[in-house]
Amino acid sequence: MKRDIIVNKFVIKFANVNGTGSASANKLFSRSVFRMGVPISPKNIFPSNIQGLPTWYEVRINDTGFLGRRGGIDVMVGMNPQSMARDIQEVEKGGYFVYDSTKPIDPSLLRDDIDFIGVPLTEKCREMYEDPRQLQLFRNVMYVGVLTALFDMELEVVKQLISEQFKGREKIVAPNFLAVETGYEMAKKLHACPIAYRVERRDNVGEKILIDGNEACGLGAVYGGATVSAWYPITPSTSVIDNFARYCRKYRIDAETGQKNYAIVQAEDELAAIGMVIGASWNGARAFTATSGPGLSLMNEFLGLAYFAEIPAVLVDVQRAGPSTGMPTRTQQSDVLSAAYASHGDTKHICLYPSTPKECFEYTALAFNLAERFQTPVIVMSDLDLGMNDNMSEPFTWDDAKLYDRGKVFKEEDLENMEERFGRYLDVDGDGIPYRTYPGTHPTKGAFFTRGTSKDEYAIYTENGEKYIENMKRLEKKWKTASHHVPKPVIRKTDKPCTVGVVHFGTSEASTLEALHHLNGMHGISLDSMGIQSFPFADEVGQFIEDHEYVFVVEQNRDAQMRSLLINEYEFDPECLVPILHYDGSPITARFIRHEIRDWILQTTTSPRRRSRFY
Amino acid sequence: MKRDIIVNKFVIKFANVNGTGSASANKLFSRSVFRMGVPISPKNIFPSNIQGLPTWYEVRINDTGFLGRRGGIDVMVGMNPQSMARDIQEVEKGGYFVYDSTKPIDPSLLRDDIDFIGVPLTEKCREMYEDPRQLQLFRNVMYVGVLTALFDMELEVVKQLISEQFKGREKIVAPNFLAVETGYEMAKKLHACPIAYRVERRDNVGEKILIDGNEACGLGAVYGGATVSAWYPITPSTSVIDNFARYCRKYRIDAETGQKNYAIVQAEDELAAIGMVIGASWNGARAFTATSGPGLSLMNEFLGLAYFAEIPAVLVDVQRAGPSTGMPTRTQQSDVLSAAYASHGDTKHICLYPSTPKECFEYTALAFNLAERFQTPVIVMSDLDLGMNDNMSEPFTWDDAKLYDRGKVFKEEDLENMEERFGRYLDVDGDGIPYRTYPGTHPTKGAFFTRGTSKDEYAIYTENGEKYIENMKRLEKKWKTASHHVPKPVIRKTDKPCTVGVVHFGTSEASTLEALHHLNGMHGISLDSMGIQSFPFADEVGQFIEDHEYVFVVEQNRDAQMRSLLINEYEFDPECLVPILHYDGSPITARFIRHEIRDWILQTTTSPRRRSRFY
Amino acid sequence: MSYKIPAFRHPNLPRNELGHTTKDYEGAVSTLCAGCGHDSISAAIIEACFQKNVPPHRVAKLSGIGCSSKTPTYFLGHSHGFNSVHGRMPSVATGANMANRELLYIGVSGDGDTASIGMGQFVHAVRRNVNMVYICENNGVYGLTKGQDSATTDLGSISKKGEPNALEPIDLCSIALQLGATFVANSFSGDKTQLVPIIKAAMAHRGFAFINVISPCVTFNNTPGSTKAYDYIRQHMASTNTVDYVPPADEITAEFPEGTDELVTMHDGSVINLHKLEKKHDIHSRSSAISLIQEYRAEDKVVTGILFIDEETQDIHETMNTTDRPLRDLGTKELCPGGAELDAINDLHR
Amino acid sequence: MSYKIPAFRHPNLPRNELGHTTKDYEGAVSTLCAGCGHDSISAAIIEACFQKNVPPHRVAKLSGIGCSSKTPTYFLGHSHGFNSVHGRMPSVATGANMANRELLYIGVSGDGDTASIGMGQFVHAVRRNVNMVYICENNGVYGLTKGQDSATTDLGSISKKGEPNALEPIDLCSIALQLGATFVANSFSGDKTQLVPIIKAAMAHRGFAFINVISPCVTFNNTPGSTKAYDYIRQHMASTNTVDYVPPADEITAEFPEGTDELVTMHDGSVINLHKLEKKHDIHSRSSAISLIQEYRAEDKVVTGILFIDEETQDIHETMNTTDRPLRDLGTKELCPGGAELDAINDLHR
Ligand SMILES: Cc1ncc(C[n+]2csc(CCOP(=O)(O)OP(=O)(O)O)c2C)c(N)n1
Ligand SMILES: Cc1ncc(C[n+]2csc(CCOP(=O)(O)OP(=O)(O)O)c2C)c(N)n1
Ligand code: SF4
Ligand code: SF4
Ligand SMILES: [Mg+2]
Ligand SMILES: [Mg+2]
């Protein structure tokens with residue numbers, strides 16, 4: 001097959017069996033590319049199981065820095081006989097299929113529009129290792145060596161990474177070196193290296209870092225000053241807490257006493273987890289939990305309490321594919337509505353929508369400020385794609401001059417000097433935000449009774465309708481105030497005057513921007529874009545939409561949930577908000593967005609705008 | 001004071017202390033009026049407590065049959081010293097304040113624009129009874145006698161009701177007669193009877209019955225064939241189950257064996273209650289639960305399971321004022337959104353909105369047909385006002401020819417004769433509704449595994465994106481099918497061509513219709529109206545709204561939740577949907593609706609339609 | 001309708017070491033039914049706090065939902081209180097305790113709140129040995145929702161013997177003991193001489209102190225075959241189908257010597273047989289505490305007193321080795337690793 | 001990836017009274033880790049159903065969420081199954097049982113599913129004496145979410161002795177006994193000779209039959225001070241911070257005579273000391289069952305066998321006096337009082 005040489009612009013996918021230790025090998029590969037200065041975006045596609053089922057790792061290598069999923073596979077590393085048939089099918093015409101040739105491929109699976117590269121990995125490992133566990137682990141490292149040769153990558157970079165990885169455990173380094181070198185040599189010997197796809201050193205990642213969103217959230221909670229965390233394990237949120245714990249062990253253990261400046265409680269379930277967060281927050285600590293859809297559902301009652309009794313609470317929702325248990329190891333943005341309006345009665349919760357690890361870090365830290373300032377739950381809406389995959393990100397930054405905003409809290413002195421009666425729910429400043437006190441502050445002043453029932457300004461129980469309405473209206477006012485303090489949307493304008501816009505949020509960002517890059521200029525149109533960062537919506541959100549004749553709303557759920565939020569909160573004609581929906585559990589691709597928008601534009605020039613698919 | 005005589009058109013309110021047995025006396029009064037052929041609508045206003053706090057009972061007596069709350073009190077029966085000051089204030093100019101004159105009223109409370117009618121009830125009772133408990137009970141019965149004289153009602157009717165009430169316990173009848181007669185005589189002796197407000201016999205209630213919505217729901221569940229009920233006590237839903245149990249004891253105990261043809265389980269909480277309902281429904285029984293807001297919140301996770309795994313479940317949500325514990329003994333329609341979209345992920349649930357006891361009865365019975373036909377949760381959205389107050393209602397009817405619609409279930413014979421492979425989630429009929437089988441049906445065919453995770457048509461677990469999408473789209477199709485089978489809206493057109501409409505649902509109906517009665521013809525406008533009966537919306541709902549330039553959406557919550565549902569599901573310009581919101585916990589009044597609509601109409605003739613209050 | 005007691009102080013009231021009178025430990029006027037056992041428990045808490053010289057504002061009161069859970073409004077008006085959601089007080093209390101280990105946490109719950117909806121959280125609060133006093137005001141009924149059966153023992157067990165066998169009641173003390181609770185006591189609301197010292201001991205205990213208090217419900221603890229003569233009223237109410245009458249009633253008191261039995265008659269005439277443990281009872285054997293309960297139950301008796309204490313216990317903070325300072329008092333400085341560290345962290349991800 | 005075993009039947013397999021072979025009781029191929037104790041339990045369930053001549057389609061299998069809760073897919077392929085939500089299987093099973101009292105209900109759960117999130121429902125299912133077999137596949141860890149601690153006993157308790165004192169584990173058998181469970185057994189996944197008869201006895205029991213089965217998790221039951229020599233691999237994994245390697249492992253079996261002790265070595269080298277009860281053990285004393293567990297625990301032993309049976313018990317249908325027919329089979333005729341009655345009801349409301 002004759003091919004063009006393609007440098008730093010292809011998609012490679014690894015097909016493995018889970019539980020075989022492939023993940024660390026695959027990560028070694030992608031980090032090596034990254035170290036060579038080439039942008040990457042890896043995606044794990046794993047089953048809801050521990051051992052023995054197919055699992056994939058897809059890495060997009062892209063010089064120009066497009067980081068969404070592209071769609072299509074150029075090189076497949078097919079290490080799993082179970083899934084081999086479809087893995088072979090998935091390779092794009094002109095691509096490669098790299099495999100373990102210890103066992104020959106079933107001839108019926110062969111295609112002649114792609115190249116097959118066989119390396120007898122198992123055979124080789126059998127020669128080298130006796131322990132079957134070592135065999136399995138090093139076979140993985142070996143194929144990294146193979147790829148290093150095939151793509152003409154720098155072997156030294158791979159070895160450097162191995163050394164760093166096993167720092168302090170030097171005796172592990174040598175055998176790993178050996179495995180990677182063996183693979184490298186085998187490839188060189190058996191095949192013409194390099195192949196048409198290549199990785200060349202660049203300087204295109206700059207200061208960027210490679211980190212997953214959950215680690216960023218966990219770190220954000222440390223920087224944000226969380227001292228209490230209560231949680232219940234659930235994929236894909238568990239590693240938020242794992243990382244919080246890890247960084248706490250590093251930064252929050254008193255050197256002298258060995259005591260912890262934090263408390264992490266593994267709760268008995270999600271109801272208890274959010275209950276603990278609310279109890280701790282009520283008592284003046286910064287507290288948070290992390291969960292996913294089913295946990296969010298279980299937290300409904302407590303979230304309503306926190307809204308109505310005005311107690312801060314931070315919750316990281318790492319969304320996965322619903323409804324119900326759904327696809328626990330697949331991604332979606334389908335908790336948008338249930339998070340925003342969680343609980344019975346009239347309730348609304350502040351939500352933040354990070355798109356990158358940097359935003360995960362910053363918004364998690366910010367969530368504590370917002371929660372304490374507005375005395376209400378704040379939900380950081382991450383998802384599996386962002387949370388569990390390494391994402392390239394701007395490095396994290398922190399302004400040491402800034403202190404935490406602990407919100408309106410009367411301290412002992414304040415109470416001491418106070419002449420008037422303390423009113424827990426009095427709107428003293430006209431912004432809807434009342435003052436609170438921590439338990440135990442002052443011997444005689446400032447104590448109040450917190451409850452989920454209706455109360456007057458002095459926190460006294462009442463069933464009086466006017467008092468109730470007054471309080472509910474104040475909560476609305478507080479909500480309005482919050483809309484001026486949450487992160488503003490990121491608006492990207494084209495240089496031409498522009499009547500059509502695209503709205504995205506969270507992990508749809510990268511693919512949307514890439515799609516726009518291709519679309520702008522096509523079909524004689526150009527598209528502005530806006531990344532929504534928070535709910536309540538900042539004024540700019542409404543303005544952007546009003547400024548455009550119509551906007552596409554890109555999201556990863558079936559029911560166009562963000563679009564619903566937008567039309568609920570504003571007075572837009574829903575016809576102007578065109579849903580672009582991707583919800584099969586895989587991260588949305590630039591291709592999908594581009595095609596959907598293009599089709600819609602082509603179609604609307606001939607058909608009426610109101611289309612039945614909107615129902 | 002000189003007054004016009006007003007017959008059968010006034011509002012009387014009783015101010016009592018709870019736990020004193022006033023409820024049965026007050027009920028005796030209102031039933032007597034009803035028996036005289038005069039329409040009434042009584043409302044309980046009670047605290048969330050058992051004994052010693054103020055409680056009120058407000059009865060609107062209205063010849064022409066307007067049954068919503070009117071607003072304003074003409075006659076107050078002030079039996080509670082605790083609340084007397086504000087009770088006196090509440091009486092409309094020209095009204096009456098009837099009280100126990102054993103203790104004189106604090107002169108500072110007196111008003112000269114109303115009449116005070118004192119009767120020394122306690123003094124009299126002290127003469128008559130030794131047991132303090134009897135004293136307390138009969139004092140209540142006595143004031144019913146007083147009112148009978150004041151309003152010139154038929155004493156015989158009151159006595160007839162007492163006889164019926166205590167049938168089988170004859171020795172209780174005489175003392176009750178004595179008490180009511182004593183009151184009657186005292187009033188005659190001490191005051192000029194009748195007063196300006198009077199009750200005269202009419203024939204204006206026809207076949208109508210007086211019943212509360214919870215009894216109607218409980219009875220509906222019996223008629224609907226529910227055999228399993230699992231529940232957890234919560235105000236105001238508890239009496240749904242109490243009544244279900246009562247009617248089951250009457251109609252569902254096998255005469256021969258004494259065994260029950262039903263099972264009622266008091267669960268340990270609402271999560272367990274809905275879990276039991278789902279387990280029973282999965283296993284082929286008609287099962288239901290009843291709850292209120294906090295319970296609904298706790299059921300979120302399970303409701304998503306039932307939606308996604310396609311298991312019937314019937315839930316009666318008797319709404320109360322939220323958020324959180326809110327005002328547990330006050331009414332609201334504020335679970336509209338949380339019920340419709342309960343649970344994380346993309347979910348939607350069938351909701352029915354009864355406005356009258358008859359609809360409570362019919363919709364609860366219907367809910368089982370719908371739940372089994374569509375294999376999904378069905379939520380009957382009642383509220384405290386409807387559920388816990390006696391409401392005048394058309395009598396209930398039942399068509400004995402109709403059998404229950406048990407939906408698509410393959411029986412043993414079906415499976416036996418089946419050639420193809422049984423596919424639990426196959427869309428055999430093209431309506432999105434698959435066939436199910438009950439456990440234990442056939443030795444070798446038709447068994448399947450139910451799960452909340454994604455699966456293919458054969459109920460086999462899959463993480464395949466296309467299979468997932470296929471299934472989610474089928475669920476959407478099923479939803480669309482359901483929209484053709486749920487109750488259609490009740491549309492009331494004026495005889496003139498009409499550009500403005502009013503939308504209401506549930507307990508806002510009576511007051512809305514009364515308001516329209518007054519508004520139509522005023523200001524040169526006339527208004528059509530539509531009562532929404534169900535979600536998904538029948539096609540007629542959208543049509544009605546499209547046919548009008550704008551419509552008012554009347555509801556009893558802060559956040560205009562039904563309006564949100566409408567704009568979410570359709571493509572209406574939100575500007576055309578004008579919210580009319582009443583949410584102080586009391587039932588919405590005709591007065592309120594009339595004024596709000598009138599003000600809006602006056603205002604929009606001078607100001608632009610888009611108004612900031614919409615945000 | 002919850003308002004503060006007027007500030008008037010009787011000059012001759014006895015004062016404790018902090019100079020407080022019992023008035024300083026009172027709360028708003030109770031809105032419970034006259035004679036409700038829960039009010040007696042509130043009074044005992046007030047007395048115990050007074051006697052133990054607890055600074056009122058250093059207490060945090062937490063509860064779930066129910067008549068019992070309302071009571072924190074009626075004691076310790078200078079303390080912060082939190083009436084949370086039904087059955088979930090243990091988690092809220094655990095969280096609160098995490099935030100500040102220095103306050104005294106008093107949790108109040110009911111038998112519905114603890115043994116039904118709250119069972120899971122109760123079990124795990126016991127297991128974690130959260131440092132708090134947990135009082136279950138056990139009336140064997142759902143008071144606030146008007147009289148449904150609860151999962152705990154029937155108060156008037158003796159007079160109900162003839163009834164068809166329903167479900168076995170849950171004995172919360174036995175469960176707590178089985179779960180490794182480090183302080184378990186049983187008492188009766190009307191027995192102030194026993195209850196006050198128990199509450200004081202519980203407050204002194206470092207760890208989870210569980211007190212089950214039998215607390216008669218005036219209104220809904222009605223045995224069908226009641227011996228009391230208010231049948232007339234009952235019939236009246238049954239006929240009208242509107243249960244809103246609460247007969248006037250007095251608190252049931254039962255103060256009797258240690259080591260003796262006492263037959264206590266409930267509001268509806270049913271009888272409960274209490275046995276009060278003697279001081280010399282060995283409170284350090286978990287297994288004998290469990291058997292003790294069983295033995296007395298076999299005789300239709302309810303044993304009261306402190307059943308078990310483990311003084312050698314670690315509370316959750318010790319287990320976790322958290323700092324001695326309240327976590328909520330740590331500031332930006334102590335908590336935030338700062339910008340320079342962040343640069344180092346960035347570097348690890350390149 | 002769950003598919004049915006091919007229909008091929010070996011002609012010489014033994015058949016039970018219904019003419020079925022064990023193949024007729026199998027399910028889809030397991031997707032658990034090789035050597036997982038849960039698979040051994042599935043095999044025991046298959047064997048027990050075969051031996052007891054259970055018609056496969058007259059069983060309903062229910063579970064929560066977890067590796068353990070996945071197993072109902074791997075046995076009894078001709079039965080309906082319901083993999084519900086985490087920790088809530090007891091309520092779903094209770095409801096199912098209400099609808100049709102004639103099926104055999106087998107509930108499968110894990111220690112996380114039962115003792116943490118499911119504790120409340122577990123307690124109340126025991127209390128109601130729902131007629132079902134409840135198997136807790138207890139591996140002392142959260143398998144499916146990758147290795148968090150659970151609330152139950154540590155498997156390798158002996159080798160972990162040196163560790164700092166964490167929270168007390170919950171002993172599910174003791175709790176069940178305390179709550180009045182009418183059948184309580186403890187067993188080990190690898191002891192088929194004991195487990196199969198226990199499951200058969202549980203299926204024969206009328207009421208709630210609880211079986212706690214210790215079931216080693218190959219992958220996450222890793223004692224830090226493991227004696228097994230795969231340190232190298234462990235270090236490798238620790239360094240790469242990606243825990244996706246599951247070493248190949250075999251099922252742990254432990255078949256040993258009644259009345260004896262057996263030291264069983266777990267996958268990571270930790271050791272558990274099982275004591276198997278003799279047949280002659282008195283299974284009718286609840287209190288001695290409770291003490292037995294405690295006594296052996298004091299010696300660091302885990303007692304296995306049927307601990308307690310109460311044969312005189314009433315299941316929930318008997319307590320409630322529901323009809324003998326499955327409720328789900330009643331039709332419009334039996335259930336609907338009809339139009340004429342409705343007129344009479346209307347009349348009562350005029
Ligand atoms: C989630 C939820 N379910 C139900 C209720 C209704 N409810 C309020 S109090 C209560 C029972 C209280 O019983 P208990 O705890 O024994 O307290 P008591 O009133 O007897 O003191 C119930 C069921 C509620 N508030 N929240
Ligand atoms: C509401 C909810 N919370 C959390 C989870 C995540 N989750 C799945 S299985 C599991 C624990 C399972 O542990 P266990 O019951 O012991 O089963 P094992 O895997 O050990 O057999 C958890 C926490 C979930 N599915 N649902
Ligand atoms: S109902 Fe019972 S528990 Fe509630 S306040 Fe009255 S007496 Fe007390
Ligand atoms: S992780 Fe553990 S419990 Fe889960 S399948 Fe593997 S060995 Fe079994
Ligand atoms: Mg109670
Ligand atoms: Mg486990």
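Note on naming: letters A, B, ... go to the chains in the order of the sequence lines (proteins, then strands), and numbering restarts at 1 for each one.
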Heavy-atom distances under 4.5 Å only: say whether [X] touches chain A with side chain, backbone, both or neither.
X	result
C:Asp347	neither
C:Ile65	neither
C:Ser79	backbone
C:Pro72	both

Counting heavy-atom pairs under 4.5 Å to chain A, which of [options] comes out on top?
options	answer
C:Arg128, C:Arg58, C:Arg88	C:Arg128
C:Asp343, C:Thr94, C:Val85	C:Val85
C:Ser63, C:Ala99, C:Pro337	C:Pro337

Interface residue of largest heavy-atom contact number with chain C, from [options], under 4.5 Å:
options	value
A:Gly440, A:Ala287, A:Ala309, A:Gly452	A:Gly440
A:Glu207, A:Arg31, A:Met392, A:Glu463	A:Glu207
A:Tyr458, A:Tyr251, A:Phe361	A:Tyr251

Nearest non-hydrogen partners of [X] and [Y], listed with the distance:
X	Y	result
C:Ala60	A:Trp282	CB-CH2, 4.0 Å
A:Ala447	C:Gly77	CB-O, 4.2 Å
C:Gly338	A:Asp400	CA-OD1, 3.2 Å
A:Glu215	C:His349	OE2-NE2, 2.7 Å
A:His442	C:His57	O-CB, 3.3 Å
C:Met320	A:Ile264	CE-O, 3.2 Å

Ignoring hydrogens and angles, tell me if any N or O in the side chain of [X] forms a donor-acceptor pair with the backbone of [Y] under 3.5 Å.
X	Y	result
A:Tyr223	C:Leu342	yes
C:Asn346	A:Phe396	yes
C:Asn321	A:Gly258	yes

Atom [atom1] in [X], atom [atom2] in [Y]: separation rounded to 0.5 Å?
X	Y	atom1	atom2	result
A:Tyr404	C:Leu330	OH	CG	10.0 Å
A:Ile311	C:Phe82	CD1	CZ	3.5 Å
C:Gln121	A:Asp269	CD	CG	6.5 Å
C:Thr323	A:Gln259	OG1	CD	5.0 Å
C:Leu335	A:Arg286	CG	CZ	9.0 Å
C:Asp329	A:Tyr438	CG	OH	8.5 Å

Is the CG atom of A:Asp203 crowded by more than 12 outside heavy atoms at less than 6.0 Å?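 12 or below, so no.
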Side chain proximity check, [X] to [Y], heavy atoms < 4.5 angstrom:
X	Y	answer
C:Arg127	A:Glu268	no
A:Pro439	C:Leu103	yes
C:Glu341	A:Trp398	no

* With a 4.0 Å cut-off, would you call C:Glu334 and A:Arg252 a salt bridge? ->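 No, no charged N to carboxylate O under 4.0 Å.
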Are any of the side-chain nitrogens in A:Glu164 or C:Arg350 under 4.0 Å away from the carboxylate oxygens of its partner?
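Salt bridge: no.
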Requested in this report: For the residue pair A:Thr437 and C:His80, confirm or rule out a side-chain donor-acceptor distance under 3.5 Å.
Outcome: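 On atom types as modelled, these side chains qualify, holding a pair under 3.5 Å.
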Side chain from CB out, backbone as N, CA, C, O: work out which of these in [X] comes under 4.5 Å of a heavy atom of chain C, or both, or neither.
X	result
A:Glu256	neither
A:Ala230	neither
A:Ile253	neither
A:Val277	neither
A:Lys402	backbone
A:Asn261	both
A:Leu305	side chain

Original post:
Should A:Ile211 and C:Ile345 be marked as a side-chain contact (heavy atoms from CB on, under 4.5 Å) after you check the CA-CA gap, both sets of side-chain angles, and the distance that decides it?
Top reply: CA-CA 10 Å; A:Ile211 191 169; C:Ile345 294 170; 5.5 Å; no
